[in-house]
Amino acid sequence: MAIPTTQILKEGKILLYPTDTVWGLGCDATNPDAVARIYQIKQRSESKSLIVLVSNLSMLQEYVTFIPVSALAYLQVPHHPTTIIYPQAQGLAPNAIAADGSVAIRIVQDNFCQQLINDFGKPIISTSANISGAPTPKYYKQISPEIIAQCDYIVPYKQEDTTIKKPSRLISFDASGELIILRD
């Protein structure tokens with residue numbers, strides 16, 4: 001019997017799953033214990049925040065107190081998957097939020113990810129499936145056995161896909177609304 005992916009998330013466990021960019025480690029973005037486990041698996045300092053995925057603009061608005069007008073305008077035009085840093089997070093696990101209160105959130109474009117998040121009903125963490133500082137795996141077969149062994153569930157989807165993927169574009173907007181590209 002297949003394990004429902006959303007049940008894994010509800011139980012605070014860790015997923016290994018294909019995102020709209022690279023394969024990622026994921027968990028309930030509102031569960032601090034699950035988020036802490038992601039940091040442990042990645043061997044990453046909690047001072048380096050993670051990316052949060054939402055399925056649509058409505059969900060985004062639940063987890064940030066302010067969306068700059070320039071960010072709203074940017075979201076109206078299709079782009080390569082882009083993560084935007086928003087200044088004021090709310091309702092997320094404290095360890096998913098940067099020290100300055102900001103959060104990096106991406107509205108997913110991939111149908112599988114949208115369905116996963118919609119079924120779960122809350123945002124999920126997304127971070128590349130690698131030890132911090134190691135190369136980002138471009139597809140499933142490049143993920144190290146060390147990472148795989150620490151996940152509670154591996155989504156059985158797109159594991160044979162060897163299409164080269166890259167991490168999302170990372171941007172923010174300054175106080176005047178100017179676009180700042182942090183990773184392209």
Side-chain angles (χ1 to χ4, degrees), residues 1-56 58-66 81 83-108 110 112-137 140 143-159 167-168 170:
M1 179 176 169
I3 298 171
T5 308
T6 54
Q7 186 60 35
I8 296 294
L9 293 168
K10 288 176 184 174
E11 292 174 4
K13 295 182 177 177
I14 307 304
L15 289 179
L16 180 59
Y17 69 110
T19 73
D20 52 345
T21 58
V22 298
W23 272 75
L25 297 171
C27 69
D28 177 351
T30 67
N31 181 329
D33 293 333
V35 174
R37 194 153 160 240
I38 295 276
Y39 281 110
Q40 175 193 12
I41 291 169
K42 284 191 68 77
Q43 300 173 26
R44 181 175 174 161
S45 164
E46 286 196 21
S47 66
K48 291 186 168 192
S49 12
L50 301 168
I51 292 173
V52 173
L53 300 183
V54 297
S55 59
N56 54 48
S58 176
M59 185 179 280
L60 170 65
Q61 292 170 323
E62 291 179 46
Y63 294 96
V64 295
T65 60
F66 173 72
T83 302
I84 300 176
I85 297 177
Y86 296 93
Q88 301 166 358
Q90 65 181 9
L92 297 167
N95 50 350
I97 299 170
D100 66 359
S102 67
V103 63
I105 298 181
R106 180 166 76 250
I107 298 175
V108 292
D110 176 79
F112 167 78
C113 288
Q114 284 180 336
Q115 190 65 52
L116 172 64
I117 296 165
N118 283 333
D119 290 349
F120 182 51
K122 294 192 280 186
I124 59 175
I125 291 295
S126 176
T127 184
S128 57
N130 61 306
I131 302 295
S132 190
T136 299
Y140 179 77
I143 301 169
S144 80
E146 180 181 0
I147 291 289
I148 292 170
Q150 295 182 74
C151 295
D152 297 305
Y153 184 71
I154 301 166
V155 172
Y157 178 61
K158 292 189 177 181
Q159 291 182 9
S168 67
L170 182 62

Open item on the list: Rounded to the nearest 0.5 Å, what separates atom OG1 in Thr83 from atom CD1 in Ile107?
Closed with: 10.5 Å

TODO: Could you pull out the closest heavy-atom pair between Val52 and Ala29, with the gap in Å?
DONE: CG1-CB, 4.1 Å

Open item on the list: With a 3.5 Å distance limit and no angle check, can you tell me whether Lys42 reaches the backbone of Gly133 through a side-chain donor-acceptor pair?
Closed with: no

Open item on the list: Is there a side-chain contact between Trp23 and Ser128 in this structure, where contact means two heavy atoms from C-beta onward sitting under 4.5 Å apart?
Closed with: no

Open item on the list: Restricting to non-hydrogen atoms, name the atom on Cys113 and the atom on Thr19 that form the minimum distance, rounded to 0.1 Å.
Closed with: SG-CA, 3.4 Å

Open item on the list: In the structure I gave you, are the side-chain heavy atoms of Ile148 and Ile154 within less than 4.5 Å of one another anywhere?
Closed with: yes

Open item on the list: So which atom in Gln90 and which in Glu62 form the shortest heavy-atom distance, rounded to 0.1 Å?
Closed with: NE2-O, 3.0 Å

Task: Contact check, side chains of Arg106 and Ile84, non-hydrogen atoms, under 4.5 Å - done: no

Open item on the list: Between Asp119 and Thr6, do the side chains contain a donor N or O and an acceptor N or O under 3.5 Å apart?
Closed with: no

Task: Worked verdict on Thr5 versus Phe120 for side chain to side chain contact (heavy atoms under 4.5 Å, CB included) - done: CA-CA 9 Å; Thr5 308; Phe120 182 51; over 6 Å; no

- [ ] Only counting residues at least two apart or in another chain, list the ones meeting side chain to side chain contact (heavy atoms under 4.5 Å, CB included) with Ile97.
- [x] Ala89, Leu92

TODO: Drop me the distance from Gln115's CD to Asp110's CG, to the nearest 0.5 angstrom.
DONE: 11.0 Å

Task: Heavy-atom check, side chain of Ile124 versus side chain of Cys27, under 4.5 Å - done: no

Open item on the list: If you compare all heavy atoms of Ile143 against all heavy atoms of Ala129, which two are closest, and at what distance to 0.1 Å?
Closed with: CG2-O, 3.8 Å

Task: Lys/Arg N to Asp/Glu carboxylate O, Lys10 vs Asp28, below 4.0 Å - done: no

- [ ] Without swapping roles, check the side chain of Tyr17 against the backbone of Pro156 for a donor-acceptor pair under 3.5 Å.
- [x] no

Open item on the list: If only side-chain N and O atoms count, and only distance matters, is there a donor-acceptor pair under 3.5 Å linking Ser132 with Arg44?
Closed with: no

Task: Check against side chain to side chain contact (heavy atoms under 4.5 Å, CB included), Asn118 and Asn56 - done: CA-CA 9 Å; Asn118 283 333; Asn56 54 48; 4.0 Å; yes

Task: Separation between CG of Asn95 and CG of Leu50, rounded to the nearest 0.5 Å - done: 8.0 Å

Task: From CG (Leu25) to CD1 (Ile14), nearest 0.5 Å - done: 7.5 Å

TODO: Evaluate the criterion side chain to side chain contact (heavy atoms under 4.5 Å, CB included) for residue pair Leu60 and Tyr86; output intermediate values, then yes/no.
DONE: CA-CA 10 Å; Leu60 170 65; Tyr86 296 93; 3.4 Å; yes

TODO: Dump the intermediate steps for side chain to side chain contact (heavy atoms under 4.5 Å, CB included) on Tyr140 and Leu16, then the final yes or no.
DONE: CA-CA 9 Å; Tyr140 179 77; Leu16 180 59; 4.0 Å; yes

Task: Side-chain heavy-atom pair Leu53, Ile105 within 4.5 angstrom cut-off - done: no

- [ ] Return yes if some donor-acceptor pair links the side-chain N/O of Gln88 with the main-chain N/O of Ser102 below 3.5 Å, else return no.
- [x] no

TODO: Taking all heavy atoms of Thr21 and all of Pro81, pick out the closest pair and write down the distance.
DONE: CG2-CB, 3.5 Å

TODO: To the nearest 0.5 angstrom, please state how far the CD1 atom of Ile85 sits from the OG atom of Ser49.
DONE: 7.0 Å

Open item on the list: Salt bridge or not between Asp152 and Arg37? Use side-chain N to carboxylate O under 4.0 Å.
Closed with: yes

Open item on the list: Which heavy atom of Ile41 sits nearest to which heavy atom of Ile131, and what is that distance?
Closed with: O-CD1, 3.4 Å

- [ ] Can you measure from OG (Ser126) to CD1 (Ile51) and round to the nearest 0.5 angstrom?
- [x] 6.0 Å

TODO: Measure from the side-chain N and O atoms of Gln150 to the backbone N and O of Glu146, and report whether any donor-acceptor pair falls under 3.5 Å.
DONE: yes

